[in-house]
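Just follow the structure's listing: the first ligand is 1, and inside any ligand the first atom is 1.
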Amino acid sequence: MAHSSKDQATIVIVGAGSIGLWTAYFLAQAQAGPQHASKITVIDACHSPFAATSRTCTGCIHYAFEADGLVELGRYSFELWDALSHDDAFRSAVSWRSSSIFGVERGDGENLDLLPEWLRRREGWRVNREFLGARNAMVNPIGVGKWLADRCTELGVRIYTSTVLTSVAQDEDGRVHQLICTRDDRMIKVPCEKLVLAGGPWTPAVYEKLFPSSAVHLELVMDAGDWMVFRNPNPSTEKSIAFIGLNNIVHEKLEFAGRDDGTIWVCGRRDTPGALVPLGTAGEVNVRMVAELTGRSYRFLQVQRNDDPESFEELQVESLGRSFRPCTRSGLPMMSAVSLSQLCERSSRRPGSGKVMSQLIRGKDPDIDISPFIIPGKSGGETCSADVAKTIHRSSL
Ligand SMILES: Cc1cc2nc3c(=O)[nH]c(=O)nc-3n(C[C@H](O)[C@H](O)[C@H](O)COP(=O)(O)OP(=O)(O)OC[C@H]3O[C@@H](n4cnc5c(N)ncnc54)[C@H](O)[C@@H]3O)c2cc1C
């Protein structure tokens, strides 16, 4: 039988990925006291927070983007990361390492000493320290997720996992006042004054399902990535935390990320369009891609014993999977004036997006210009009109 949740949630954030949790974190921080903070609820279909794309991304922090609007948001986000990184506990929790993104190119041996010990060096290579811009850092996404979920919980945010938002109840003005969710085949009704959709690649489908008559149309662009995590056969050092882009060597996307937990992450070319998996489930890997990534890992990782090409360590696979980048055709994220959702990849702007979303939810002027990110109306392209903004406001926040 349907029952009402006892929690009088005021702001409900759908999605406990990086966008949802950074938004909750900055919102809760800005609240006057625990009494207010307890009214922020995050729900997620997965069995734990940060279990979808946010957990399985590379972990590059930078703002070397092509679109001007994105550079400002990326820089703003980078400054937030940078400020947090002055705290030793944060650095250690997220395995922060500044200036650790490197691109390998054909060349004269320049900067080869920067390469981590887990990569096999080759004659005729050089290292580009500005592959993703001069200011950059690496983090371990798993550590980021744990740090964020812990901080949110400390700040009084309630995080409900294995909970799927399926429909909304609206009053006669179209204002959402209740969310209908399912958890373990039970229906749960969650009181809601403000709804924030931070559902990553699922946001467009969820929005259309919740608000079928809305004038707003969110485009869906699929961009999947197959990834593998290997145990690092070499001892971990400070230099192990590094991103290596071999794109200019193999002439397509090939990225490795070393972590201080004794693992190396690898990802290859994008799959567009890759079919999005049902909510709360893991993507099935592309078997051909896994074979290719494995072969390339043996080729580029330091697996040789005593420099003997005939003798090598077998790579141990820790995990593998397929993740989905939340994308738009323009390449820009989407944030309405009332904070509807995030829909973009190639970020490094996640704390920035979360902070801006939290400002919009609180009715404050955002720290940066968000006009490039306004959600377009149904015809697409044009900036969100006042009417559309009102619709979003009424139906979604
Ligand atoms: C292979 C790969 C590498 C990447 N590398 C980087 C990188 O180096 N740097 C970078 O900045 N970005 C990177 N990205 C992009 C980055 O991972 C994403 O931009 C970011 O994780 C998106 O976060 P999110 O919170 O929007 O989405 P997600 O992490 O996918 O979270 C969305 C959550 O919403 C939940 N949800 C959706 N609808 C509902 C519903 N109706 N009810 C309940 N729950 C719901 C889902 O279960 C999910 O957990 C990469 C992406 C990929 C795929």
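In terms of polar-atom proximity, T58 is counted as a contact of ligand 1, with an N or O under 3.5 Å from an N or O of the ligand. Close N/O approach between W202 and ligand 1 is not found [any backbone or side-chain N/O within under 3.5 Å]. Checked against a 3.5 angstrom limit, the closest N/O atoms of C60 and ligand 1 fall inside it. Distances between N or O atoms of G59 and those of ligand 1 include at least one value under 3.5 Å. Looking at ligand 1, you'll find an N or O of I19 within less than 3.5 Å of one of its N or O atoms. Checked by distance only, ligand 1 and S54 come closer than 3.5 Å through their nitrogen or oxygen atoms. Note: no N/O pair closer than 3.5 Å links W265 and ligand 1 by distance alone. Checking only distances, S18 does come within under 3.5 Å of ligand 1, N or O to N or O.
Nearest-residue assignment for atom 53 (C) of ligand 1 (options R183, R325, R55, R270; heavy-atom criterion): R325. Here atom 38 (N) of ligand 1 lies nearest to L279 when heavy atoms of L179, L279, T166 are compared. Residue C57 holds the heavy atom nearest to atom 17 (O) of ligand 1 of all those in G280, A224, C57, S167. When G199, G354, A51 are checked for heavy-atom proximity to atom 32 (C) of ligand 1, G199 turns out nearest.
Here E154 pairs with R151 in a salt bridge; the nearest charged N to carboxylate O distance falls below 4.0 Å. Using a cutoff of 4.0 Å between basic side-chain nitrogens and carboxylate oxygens, K39 and E193 are not scored as salt-bridged. Under a 4.0 Å N-O distance rule, the pair E79/R135 qualifies as a salt bridge. A salt bridge links E252 with R296: the distance from a Lys NZ or Arg NE/NH1/NH2 to an Asp or Glu carboxylate oxygen falls below 4.0 Å.
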Practice problem: Could you give me the CA-CA distance, side-chain angles and deciding distance for Y76 and E72, then say whether side-chain hydrogen bond (donor to acceptor under 3.5 Å, both in side chains) is met? | Solution: CA-CA 6 Å; Y76 174 70; E72 192 191 354; over 6 Å; no
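Here F131 sits in one hydrophobic cluster together with I101, L132, M138, I241, F243; the rule is ILVMFWY side chains under 4.5 Å apart, joined directly or through other members. Think of V229 as one node in a network of Ile, Leu, Val, Met, Phe, Trp and Tyr side chains linked at under 4.5 Å; its network also takes in W227, W265.
Ligand 1 lies out of reach of L197, whose nearest heavy atom is not under 4.0 Å from it. Ligand 1 lies less than 4.0 angstrom from a heavy atom belonging to P201.
At a heavy-atom distance under 4.0 Å, only side-chain atoms of C267, from C-beta outward, approach ligand 1.
Of all the heavy atoms in S18 and S54, the pair that sits closest is N-OG, 2.8 Å.
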